[in-house]
Structures are given as C-alpha cells and as structure tokens.
Amino acid sequence: MSRFLRGITIVWVVLRYGLDELVLTSFQKPWLRLVARIVSIGRNLDAPRGQRLREALERLGPIFVKFGQVLSTRRDLMPPDIADELAHLQDRVPPFDPDVAVATIERAFRRPLAEVFVSFDRVPIASASIAQVHFAVVRDRKGVEREVAVKVLRPGMLPVIENDLGLMRLMAGWVESLSADGKRLKPRQVVAEFDNYLHDELDLVREAANAAQLRRNMQGLELVLIPEILWDFCHAEVLVMERMKGVPINQIERLRAAGVDIPKLARDGVTIFFTQVFRDGFFHADMHPGNIQVSLEPETFGRYISLDFGIVGTLTEFDKEYLAQNFTAFFRRDYKRVAELHIESGWVPAHTRVNELEAAIRTVCEPYFDRPLKEISLGMVLMRLFQTSRRFHVEIQPQLVLLQKTLLNIEGLGRQLDPDLDLWSTAKPFLEKWMLDQMGPQRLWRELRAEAPRFAKMLPELPRLLHGYLRERPHDNRRELLELLAAQKRTNRLLQSLIYGGMGFVLGLLAMQLLIRVRLF
C-alpha cells in the first residue's frame, strides 16, 4: 500500500509541475506538441521549465534530488536553462528549520547547545538533500578554539528513502521479469547497491570514517585538501569537521581572476580521480560541483577541497587490475586486448568471437581519439557501448555503477574547467605507471615486506618442522587405495548392469513391435 501511495504521489507531482508537458514538448513531432498543449489546459505552467523540474525533484525527495545533481553536471546533455536551474540542487536545497537542527544536536550530545559549541551560526551555510551545514566554533581537548562546520542530518529521511527504494525494487523486479535484457542488466542488484550507499549516507559517523580514510590516502599527493574530523563531536546525526575556506569550483571566472591555473586544475582533477580509483580503490563518489572547492589560501593556493563523503566507492584488487588493463589497452588502441579481457573476466559469454567484439569496440571508440574534451561526449560513448553490450550479451556489473556515475561527473567538471583538455593523454601516463608498479619488481618488494612478519615467525620453526617430518614414517595409504578401487569396481559393475538392462528393455520393445506388425500383416 505504501508503494502504491508513493507511486500516486510521484504521478501527482509530475502532473502538478507539468513534467509531462516538458517531456512532450522536447519532441519534434507536431502531433506530440499538440498533445502537450492539450494536457496543459487548466494548469498554471507559467514558471520556467527548469524551475519546475527542480521544484518537482525537491518535492519528490533525496533520491530524485541526487538524480538532478548528476544531470546538472552534464551540460553537454542538458539545455543551458535546465542545467543552470538543476545546479541549485548541489548545495541550495531548501533548508529545514534551524530549531530542528539545534534539537538534533542537543539530543545527540545530551547537552545544551551552549555547552557543546562556543558559538553556533543558526543560519545554514549550505543545504542538501540529506543534511545541512552550519558554521560554529568549538573548544578542543587542548582548550584551543577552532572554526568548524557542523553537518546535521535532515529529519525524517529514512521513511522517505525506504518508500522510494521499495518502489525501485518493485520496478526492478518488473524489468527483470518482463524485459529481454532484464537478467543481463541486473536491475535488482543495481538497486541493492544504491540501497547500501543511501543507508550509509544516513550514518554521519560512517561519513566521518570515510573522510578520515581519504585524508590519509591523499596526504602525500599535495593536490587536494580533506577536512580533519573532530571525533569528540561526532554522532550518527551530527558531524563536526574542520572548516574549509575555498571558492566553489563552478565559479570559474572568480578563480581565473584570483590567478588560478584553470587548465592545471582540470589535469589535477583527472589525476586525483585516477589515483583514488586505481591506487587506493577508495574514491569520492559524489563529486558534483557543490562538493568541490578550490583553496585561495597562500600556503595551499590552487588545491582542490573535497567535501561531503557520504558516498564513497570501493574496488577489489581484481576490479582495479581488470579496469586498469582495460583502460591501458584502450589508450593504446589495442581493441583486441580489450575484447579478450571482457571474455576472460566472464562479462561476456565464453563462446563470443574475439574478432567480432574487437571490431565492435573499435567502431565505437576510434572516432573519439585525439580530440579535446569539448568534442567528446562520454555519455554518448557509453550509450553506444551499451548498445554494443546488448548485442554481445555483456553483463552489467553492479559494483561499478558508482564508478560510472563518478566518471560522468568528472567529465562534466573537466568540460566546464577546460574544454580543450585531452582526457586520454592526461590519464594514459598515470595508468601506464600504475600498471608498471602493479606488475613490476616494486609490487614484488611490497608484497615481500607485507609478508615479512609472517616469514620472520615461520623461518625459525622451519628446521624443526622439517626434521620432525623426516623422522616420522610416511603414512601408509595402501589400504585406503584398495578400498577406493574396490568401490570403483562395484560402481562400474552397477553401471554396466543398468546399461545392459536398458538395452535389453529397448530391444524387447522393438521385438514386440516387429512381432505385432508381422501378425497384423
């Protein structure tokens, strides 16, 4: 019943904000435009279409807001007016009442607000689909006052998300049972992955742990700043972190006026992404412009500032090596190796012909080499690859859905920063170096160092264990072998009896049929 009511609510919002008319008017067919005018009769649709779409997504809840955030980064796929309006979803979702935020903080720490913070700004600085952020000042263990950002979870999120996820599960079940591509696309597994990420985002302690891990991983890179987490002030509904001062990355003219090297910023973004994915297997998976700033402080000038770590992606060693080999072969235009890797991984059926898959991949990818980012639409490349995957029955990998989403975000961000960026030449040296580290002597040395404590414990015991083994008489297995042979002989005799009996039965039936026919004749 709750799913049915949620479905009715979605239909009502679509009609209330005229999204049906917005979709119909986007087609070129005259009769569809006529239908759009007819269905709009009696409804006030004077507001701009982008505003109506944004307000509808805000009304429908966090899952739809996140969908709008992804769309806002794809200016190559969205009309400018819609992309500009959806950009408000990145950090300007309508805030909830500050009194509710204060009550949440006091309930979490079981103390009045004045005992938790030296000062607290009740007006939120940013508001998103899951939480909103306030600036404050705290006194740490050493008695030092520090400027912090306080993230407070939006109330009542769990029931809304559960209803939407229940509806998504129902629709995924329909797709899997009714669609010819259902099993290949694995919609239920994709929804399950999305379910995990959304529930993780509702636990701010988990987000704090993600931020701490990313901060450790990025310390030696000197390209990105991750805020420090103040663990004494963290709770499942409240997160307190170091206050970061920067300029939102989508304010490109302001950054350029401050002297930031925009093309270098674009290249650094690609480096950060590939480092997190292939070196660490732990990456920021919600990299829309609302979560990224650029530092203008003298000591960290031009560095990225990453915020909001509720959604992170992880990759296994197998996934990392497989993807790195695919990317490397792709950058070298070795399409045969790409096809072989797909077959070896089991992503396509084993009987697939390598030369046919190679030709299909070459047809999709070859036109996009040696072009700047402004002439490439990764969304279009992925769409054509999807069509190819359908032909060759490629199975969708749910664990890589976040990576694909983040890659689209990175491309959209790079397109805004530097349309002349050569994505391939920027990423190729990094991946080739990473592959050399993974396959070369450096990896052997790292693994030996990792196993050194175990070897150190085992080596002193080795002479004693070897001496004890040599002194003991080898175990006599002849009796077990004889019993095994006898059992095998009994099995063979039984199989022979069954075969002979079956053959006799069939021959008997044939003889009876022959006899009956002779008598009738």
Side-chain angles (χ1 to χ4, degrees), residues 61-63 65-66 69-70 89-91 93 95-96 100-101 104-105 107-109 116-117 124-136 138 140 146-158 160-162 165 193-219 224-244 246 248 272-273 276-277 280-293 304-315 401-403 405-406 409:
I63 291 180
V65 169
K66 289 196 171 296
Q69 290 173 349
V70 174
L89 296 174
Q90 294 166 2
D91 58 358
V93 176
F96 56 89
V100 175
T104 301
I105 293 170
R107 183 177 68 251
F109 295 108
V116 180
F117 300 106
I125 190 63
S127 181
S129 57
I130 298 294
Q132 69 185 29
V133 179
H134 298 257
F135 285 155
V138 299
D140 63 15
R146 300 185 59 179
E147 292 183 324
V148 295
V150 183
K151 186 172 184 177
V152 184
L153 198 66
R154 189 178 287 269
M157 283 293 96
L158 187 59
V160 176
I161 287 177
E162 287 291 353
L165 286 171
E193 289 282 321
F194 198 41
D195 186 349
N196 291 335
Y197 298 133
L198 281 174
H199 281 88
D200 290 346
E201 198 172 6
L202 293 177
D203 184 356
L204 296 187
V205 173
R206 191 181 186 95
E207 179 177 341
N210 293 338
Q213 181 66 51
L214 280 171
R215 181 181 170 89
R216 284 194 298 272
N217 291 347
M218 295 289 101
Q219 275 181 344
V224 60
L225 303 173
I226 310 291
E228 179 186 355
I229 300 299
L230 279 70
W231 286 105
D232 291 337
F233 299 92
C234 288
H235 185 270
E237 296 180 282
V238 181
L239 170 60
V240 178
M241 69 187 83
E242 172 189 6
R243 177 177 172 178
M244 308 300 289
I272 292 167
F273 170 72
Q276 291 183 356
V277 170
D280 306 324
F282 190 86
F283 60 94
H284 192 311
D286 200 12
M287 297 182 69
H288 61 75
N291 291 337
I292 304 174
Q293 299 179 357
Y304 281 89
I305 298 173
S306 287
L307 304 170
D308 193 351
F309 311 97
I311 302 179
V312 297
T314 58
L315 296 175
V401 170
L402 267 186
L403 180 63
K405 165 186 173 294
T406 308
N409 282 346

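Treat the numbers as computed from the prediction; the structure is a model and nothing was measured.
What you find for A236 and V205 is that their closest heavy atoms are N-CG2, 3.5 Å. Contact record, A285 with G313: CB-N, 3.8 Å, taken as the closest heavy-atom pair. Shortest non-hydrogen contact noted between Q293 and G246 is OE1-N, 3.4 Å. Shortest non-hydrogen contact noted between F109 and F233 is CZ-O, 3.2 Å. Between L239 and A208, the closest heavy-atom pair is CD1-CB, 3.5 Å. Residue F282 comes nearest to T314 through the heavy atom pair CD1-CG2, 3.6 Å, listed as atom of the first residue, atom of the second, then distance.
Judged as a side-chain contact (heavy atoms from CB on, under 4.5 Å), and not counting sequence neighbours, the contacts of R154 are V93, F96, S127, M157. Partners of H134 under the side chain to side chain donor-acceptor pair (under 3.5 Å) rule, at least two apart in sequence or in another chain, are Q132. Under the ring pair (Phe, Tyr, Trp, His ring centres under 6.0 Å) criterion, F309 pairs with H284, not counting sequence neighbours. N210 is linked by a side chain to side chain donor-acceptor pair (under 3.5 Å) to nothing, counting only residues two or more places apart in sequence or in another chain. Contacts of R206 classified as side chain to side chain donor-acceptor pair (under 3.5 Å), with partners at least two apart in sequence or in another chain: D200. Applying the side chain to side chain donor-acceptor pair (under 3.5 Å) test to E242 and every residue at least two apart in sequence or in another chain returns nothing. By the salt bridge (Lys or Arg N to Asp or Glu O under 4.0 Å) test, R146 pairs with E228, sequence neighbours left out. F117 meets the ring pair (Phe, Tyr, Trp, His ring centres under 6.0 Å) test with F120; sequence neighbours excluded.
A donor-acceptor pair is defined here as one N or O able to donate and one able to accept, closer than 3.5 Å; such a pair exists between the side chain of N291 and the backbone of D286.
Applying the side chain to side chain donor-acceptor pair (under 3.5 Å) test to pairs two or more places apart or on separate chains, those with a residue in residues 230-241 are R107-E237, R141-D232.
To the nearest 0.5 Å, atoms CZ (R215) and CD1 (I229) are separated by 8.5 Å. With rounding to the nearest 0.5 Å, the separation of CD1 in I226 from CE in M218 is 7.5 Å. In this structure, SG on C234 lies 9.5 Å from CD on E207, to the nearest 0.5 angstrom. Rounding to the nearest 0.5 angstrom, the gap separating the CD1 atom in I272 from the CG atom in L214 is 11.0 Å.
Of the candidates V312, N217, L315, L315 is the only one forming a side chain to side chain contact (heavy atoms under 4.5 Å, CB included) with F283.
Looking at L230 and V138, their side chains come closer than 4.5 Å, going by heavy atoms from C-beta outward. Using a 4.5 Å heavy-atom cutoff, the side chains of K151 and D308 are in contact.
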**Request:** For T104 and L153, run side chain to side chain contact (heavy atoms under 4.5 Å, CB included): C-alpha distance rounded to whole Å, both residues' side-chain angles, the deciding distance at 0.1 Å, then the answer.
**Result:** CA-CA 8 Å; T104 301; L153 198 66; 5.7 Å; no
**Asked** Can you check side chain to side chain contact (heavy atoms under 4.5 Å, CB included) on L307 and I292, steps first, answer last?
**Response** CA-CA 6 Å; L307 304 170; I292 304 174; over 6 Å; no
**Message:** Under the criterion side chain to side chain contact (heavy atoms under 4.5 Å, CB included), I'd like the reasoning laid out for I305 against V224: C-alpha separation, chi angles, the key distance, then a yes or no.
**Reply:** CA-CA 6 Å; I305 298 173; V224 60; over 6 Å; no
**Prompt:** Hey, mind stepping through L202 and I130 against side chain to side chain contact (heavy atoms under 4.5 Å, CB included) and telling me if it holds?
**Reply:** CA-CA 7 Å; L202 293 177; I130 298 294; 4.1 Å; yes
